[in-house]
Amino acid sequence: MAGILVVNERYFPENELDAAHVGATSFSRSALRCLRNAGLSAGVILYKREKN
């Protein structure tokens with residue numbers, strides 16, 4: 001079983017040690033830790049919105 005999180009690139013820090021920019025980032029990190037601690041595969045897909 002695997003878990004995949006989709007997060008807006010704008011809110012996800014480049015370094016794992018950097019502070020979270022918004023609550024969603026903190027939640028994503030917690031979810032990843034939870035999946036890893038459960039022995040499951042975990043990944044993140046970052047997306048970027050294009051402004052028209």
Side-chain angles (χ1 to χ4, degrees):
M1 187 179 267
I4 299 173
L5 301 170
V6 179
V7 182
N8 188 328
E9 178 185 47
R10 177 178 168 190
Y11 301 120
F12 210 77
E14 293 195 25
N15 185 334
E16 191 174 324
L17 300 177
D18 288 345
H21 298 170
V22 294
T25 306
S26 180
F27 174 80
S28 298
R29 286 180 169 173
S30 294
L32 283 171
R33 267 193 304 275
C34 182
L35 291 168
R36 288 180 187 155
N37 290 340
L40 302 173
S41 297
V44 176
I45 296 174
L46 299 176
Y47 71 91
K48 184 175 183 179
R49 291 187 182 186
E50 297 293 326
K51 295 188 180 191
N52 295 331

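All values below were derived from every heavy atom in this structure, side-chain atoms included, with hydrogens, water molecules and symmetry-related copies excluded. From a predicted model like this one, the values you see are computed outputs, not experimental measurements.
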*Closest approach of A31 and L5, non-hydrogen atoms and distance?*
CB-CD1, 3.9 Å
_Residue pair G3 / L35: nearest heavy atoms and the distance that separates them_ = CA-CD1, 3.8 Å
*Distance in Å, I4 CD1 paired with I45 CD1, rounded so as to fall on 0.5 Å steps*: 5.0 Å
*Do L46 and L32 belong together in a cluster built from hydrophobic side chains that touch within less than 4.5 Å?*
yes
*Please report the closest heavy-atom contact between Y47 and N8, naming both atoms and the distance.*
CE2-N, 3.3 Å
